> 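Okay, handing you the structure first.
Chain letters run A, B, ... following the sequence lines, proteins first and then strands; every chain starts at 1. The shown structure was predicted, so the numbers you read here are calculated from the model rather than taken from an experiment.
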Protein chains: 2
Amino acid sequence: MAHDLRQTMSLLARTPAALDALLRDLPETWTQRNEGEDTWSPFEIVGHLIHGERTDWMSRTRMILHSGESVTFEPFDRLGQRRELEGTSLEQLLDEFARVRSENLAELRALNLRPEDLERRGRHPALGSVTLSQLLSTWAIHDLTHLHQISRVMAHQYRDDVGPWSRYLGVLQCAGHSSSA
Amino acid sequence: MAHDLRQTMSLLARTPAALDALLRDLPETWTQRNEGEDTWSPFEIVGHLIHGERTDWMSRTRMILHSGESVTFEPFDRLGQRRELEGTSLEQLLDEFARVRSENLAELRALNLRPEDLERRGRHPALGSVTLSQLLSTWAIHDLTHLHQISRVMAHQYRDDVGPWSRYLGVLQCAGHSSSA
């Protein structure tokens with residue numbers, strides 16, 4: 001089925017406000033704690049989403065349109081958000097995520113992509129040949145991967161507090177799944 | 001550690017706005033599709049959350065405070081939302097969820113629960129003796145279970161569209177975990 005770009009963008013446009021409504025001004029138990037060593041807090045996850053906006057999605061889109069498969073994407077630095085996080089607050093990160101996402105969607109809209117553009121190909125350093133359609137779909141599902149992760153990280157903080165109900169709460173059964181893009 | 005009721009309520013207060021920001025006016029591909037037979041769409045999940053507000057959390061809270069372990073909770077009807085869904089729109093459900101959640105939190109606040117109240121016990125039909133603290137913690141983590149589920153159900157709709165990136169997207173590896181409360 002042809003890629004419905006309006007549908008993909010409608011989700012991308014909502015993620016910053018959804019995370020804002022969920023996380024802004026929440027107690028730090030929910031936003032600053034993680035699932036253990038080498039795992040991310042919701043605060044860090046928002047930083048990671050900002051880093052993707054700055055370095056991944058639109059720069060790869062431009063690369064596909066300008067160079068096709070002749071140039072390989074830069075590998076995405078999954079720890080690149082560390083620079084975003086220094087000396088900042090969750091509230092600043094939420095503002096910044098909304099700003100950079102909005103800018104990127106404005107740029108994407110201005111490209112006026114045609115169906116044939118969405119079938120153009122680029123080269124991923126590990127996955128090989130990929131289409132622009134797959135890249136833009138992945139951008140949206142990457143948001144959902146991290147919403148899924150945030151809900152799991154937050155739930156983890158109350159793992160003991162729910163007592164015997166833990167067996168009924170699906171999010172507490174989720175072992176987590178590594179993700180990158 | 002003692003239950004921080006303010007912390008629990010701060011999460012409960014945000015869920016309706018977070019789901020509203022994520023789902024309102026989204027194309028139906030994201031909101032009305034499920035993961036296959038006998039699974040729920042985001043639309044149905046919001047109905048389920050409303051049903052919990054009407055029949056589960058505060059009625060069990062009252063039962064613990066009034067009757068302790070002498071009366072067993074009514075089993076929660078996991079399909080009870082079907083009545084909520086007839087002839088209604090997602091936008092109406094989001095409004096209704098915000099309304100009933102806000103009423104329930106106002107009622108909870110008005111109880112002025114003391115730490116010793118949170119240790120009072122009730123009787124769950126399957127889990128046996130549970131505390132009010134565990135019930136209120138479960139209310140919050142039940143929200144997160146369904147946010148986790150909604151992100152997974154939405155991601156499922158683009159499972160094929162992301163192409164080779166699917167292996168990197170954690171939410172697409174999540175097999176789902178049954179939940180009830």
> Is there a side-chain contact between B:H146 and A:V171 in this structure, where contact means two heavy atoms from C-beta onward sitting under 4.5 Å apart?
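Side-chain contact under 4.5 Å: no.
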> Looking at CG of B:L135 and CG of A:D161, how far apart are the two atoms once the value is rounded to the nearest 0.5 Å?
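Going from the CG atom of B:L135 to the CG atom of A:D161 covers 13.0 Å.
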> Should we say atom CD of A:E74 is surrounded by more than 12 heavy atoms from elsewhere, each under 6.0 Å from it?
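Count not over threshold, so no.
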> When rounded to the nearest 0.5 angstrom, what is the spacing between CG in A:D20 and CZ in B:R14?
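Answer for the CG-CZ pair, A:D20 versus B:R14, is 10.0 Å.
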> Side chain, backbone, both or neither: which part of A:S10 has a non-hydrogen atom closer than 4.5 Å to chain B?
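Contact with chain B involves both backbone and side-chain atoms of A:S10.
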> Counting distance only, does the side-chain N/O of B:W30 pair as donor-acceptor with the main-chain N or O of A:Q7 below 3.5 Å?
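Looks like yes, one N/O pair under 3.5 Å.
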> Checking B:S151 side chain against A:L147 main chain: does a donor-acceptor pair fall under 3.5 Å?
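No; zero donor-acceptor contacts below 3.5 Å.
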> Check whether more than 12 heavy atoms from other residues, nucleotides or ligands sit under 6.0 Å from atom CZ of B:R159, and answer yes or no.
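Count over threshold, so yes.
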> For residues A:H142 and B:W165, establish whether the separation of their ring centroids is below 6.0 Å.
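No; B:W165 has its ring centre 6.0 Å or more from that of A:H142.
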> Using a cut-off of under 4.5 Å on heavy-atom pairs, state which of A:S133, A:P27, A:G128 scores highest against chain B.
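Most heavy-atom pairs within the cutoff with chain B belong to A:P27.
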> With respect to chain A, which residue among B:T131, B:D25, B:L172 yields the maximal number of heavy-atom pairs within a distance under 4.5 Å?
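Counting heavy-atom pairs under 4.5 Å, the top option is B:D25.
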> Counting only non-hydrogen atoms closer than 4.5 Å, does B:T8 touch chain A with its backbone (N, CA, C, O), its side chain (CB onward), both, or neither?
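Interface part for B:T8: both.
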> Against chain B, label A:R24 side chain, backbone, both or neither, depending on which of its atoms sit under 4.5 Å from a heavy atom there.
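A:R24 touches chain B through backbone heavy atoms alone.
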> Please classify the contact of B:D4 with chain A as side chain, backbone, both or neither, using a heavy-atom distance under 4.5 Å.
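Interface part for B:D4: backbone (N, CA, C, O).
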> Can you name the nearest heavy-atom pair linking B:C174 to A:C174, along with the distance?
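B:C174 and A:C174 have their closest heavy atoms at SG-SG, 4.0 Å.
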> Which one wins on heavy-atom pair count under 4.5 Å against chain A: B:S129, B:P164, B:G163, B:A17?
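Greatest number of close heavy-atom pairs with chain A: B:P164.
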> Highest number of heavy-atom pairs under 4.5 Å with chain A: which of B:Q157, B:M154, B:Q134?
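Option with the top pair count is B:Q134.
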> Please state whether the rings of A:H3 and B:Y158 are parallel, tilted or perpendicular, taking 30° and 60° as the class boundaries.
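Rings of A:H3 and B:Y158: perpendicular, as their planes differ by over 60°.
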> Mark yes when over 12 heavy atoms from residues, nucleotides or ligands other than A:R62 sit less than 6.0 Å from its CZ; otherwise mark no.
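Yes, the 6.0 Å shell around CZ holds more than 12 heavy atoms from other groups.
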> Could you give the distance from CG (A:L22) to CG (B:L19), rounded to the nearest 0.5 Å?
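Rounded to the nearest 0.5 Å, the CG-CG separation comes to 8.5 Å.
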> Quick check for you: to the nearest 0.5 Å, what is the distance between B:L169 atom CG and A:D143 atom CG?
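Here the interatomic distance stands at 10.5 Å.
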> Taking everything shown except A:E28 itself, do over 12 heavy atoms lie less than 6.0 Å from its CD?
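Result for CD/A:E28: open.
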> Can you tell me how far apart CD1 (B:I141) and OG (A:S166) are? Round to the nearest 0.5 Å.
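Atom-to-atom, B:I141:CD1 and A:S166:OG are 11.0 Å apart.
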> Do B:T138 and A:Y168 come within less than 4.5 Å of each other through their side chains, counting heavy atoms only?
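Heavy-atom side-chain distance check fails, nothing below 4.5 Å.
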> Below 4.5 Å from any heavy atom of chain A, which atoms of B:I150 appear? Answer side chain, backbone, both or neither.
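Neither part.
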> Roughly how far, to the nearest 0.5 Å, is the NE2 atom of B:H148 from the NE2 atom of A:H148?
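So the NE2 of A:H148 and the NE2 of B:H148 are separated by 3.0 Å.
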